[in-house]
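Heads up: the structure comes next, in structure tokens.
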2 protein chains.
Amino acid sequence: MATMTAAQRREEARTEYDAFLKGCPTNQLLDRLSDKWVSLVVSALAPGPLRYSDLARRLAGVSPKMLTQTLRALERDGILTRTVTPSVPVRVDYELTELGRSLSLLLLAVKDWAETHIEEVWEAREQYDAGDAAAS
Amino acid sequence: MATMTAAQRREEARTEYDAFLKGCPTNQLLDRLSDKWVSLVVSALAPGPLRYSDLARRLAGVSPKMLTQTLRALERDGILTRTVTPSVPVRVDYELTELGRSLSLLLLAVKDWAETHIEEVWEAREQYDAGDAAAS
DNA sequence: CAGTATCCGATTGGATACTG
DNA sequence: CAGTATCCAATCGGATACTG
């Protein structure tokens, strides 16, 4: 049992690691923010509630599949509420919860950082690309 | 030209939208943070510089491919520096730049938010799952 | 030690069509 | 209007093997 391949050792490490990540709040949140549509939905809803079709229009080009998937996940996490008005035709409104509004503030912080530092990133890229070519 | 299918209209919207997103700093940053390994590498390097193999050990289970890919991207963006010491065998150190340390502060803010609110998210999930089952 | 190159399985997400 | 269900193409990322 002392003989374990590198792959086996990595596999084991990865398993433990994943388990650790699953329980890590920061990683869970990053997973959410990572989702392209999540941040857009939250931002879109920040000013106030919207209907399903309004959201579809706001998030240009989103497929119904992804929109529904995203909304369900956010509803489950308590980020937003889904309100059905049983008129004809039905009307469904989505609105940020207190938690959701709190999250939108964090997104604002991300936005601030991005706007403050994006220039540096662009400059760094130019330099990297230029230097890379010159180094050959 | 008045006749355009729904798919075509969505496609056009998506194209413009993508172009918009490409130029949006916030979205660029979220794209970065979205990468599972990026935040981990930045966090790992926050205390101080590390060698390639040290990073590989710290980020349990990462494949050389992903590690290199992540490091290259972060180097290009000016988040970290790559220093080669031409000894035998070669030694390569990775260290956060000023920009990288600034980013690590943002990650800390994310961490704070996550730790503060993750309980609410968990509760919301339990309620959602329970309520969902009861509603059937 | 610090990667690079290739293959390939798994996941993602868009298109499309249909339903209450 | 507000979704659901299915199919499928593309992308991602891990395993593996090889190099300076």
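Every chain is numbered from 1 and lettered A, B, ... according to where its sequence line falls, protein lines coming before strand lines.
Stretches of at least 3 consecutive Watson-Crick or G-U wobble pairs, with each checked distance under 3.5 Å, appear in DNA chain D as C:1-20 with D:1-20.
The two atoms that bring R76(A) and D129(B) nearest to each other are NH1-OD2, 2.6 Å, heavy atoms only. The minimum heavy-atom distance linking L99(B) with D77(B) is given by the pair CD2-O, 3.7 Å. Nearest heavy atom pair, residue L55(A) against residue A44(A), reads CD2-CB, 4.0 Å. The two residues V42(B) and L96(B) make their nearest non-hydrogen contact at O-CD1, 3.8 Å.
Atom OH in Y94(A) sits about 14 Å away from atom P in dC1(D), given to the nearest Å. What separates CG of L67(B) from P of dT16(D) is a distance of 18 Å, to the nearest Å. dG3(C) atom P lies 13 Å from atom CZ of R91(B), rounded to whole Å. Put simply, CG on L55(B) is 13 Å from C1' on dC1(C), counting in whole angstrom units. The nearest whole Å value for the distance from the CG atom in D31(A) to the P atom in dT11(C) is 15 Å. Going from atom CG of L59(A) over to atom P of dA2(D) covers 14 Å, rounded to whole Å.
Although no hydrogens or angles enter the test, the distance criterion places a donor-acceptor pair under 3.5 Å between the side chain of T97(B) and the main chain of G78(B). Without hydrogens or angle criteria, T85(A) side chain to S87(A) main chain gives no donor-acceptor distance under 3.5 Å.
Side-chain atoms of S102(A) and W113(B) include a donor-acceptor pair closer than 3.5 Å.
Contact check on D31(B) versus K36(A) returns no salt bridge, with no Lys/Arg side-chain nitrogen under 4.0 Å from an Asp/Glu carboxylate oxygen.
Dashed line: the shortest gap from a side-chain N or O of R51(B) to OP1 or OP2 of dC1(C) is not under 4.0 Å. For the pair R82(B) and dA2(C), the criterion of a side-chain N or O lying under 4.0 Å from OP1 or OP2 is not met.
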Output one letter per nucleotide in nucleotides 4-13 of chain D: B when a protein non-hydrogen atom lies under 4.0 Å from the base, S when only the sugar-phosphate is that close, - when neither is. B-BB-----B
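Summarising the local packing, CZ of R58(B) is surrounded by 12 or fewer heavy atoms from other residues, nucleotides or ligands at distances under 6.0 Å.
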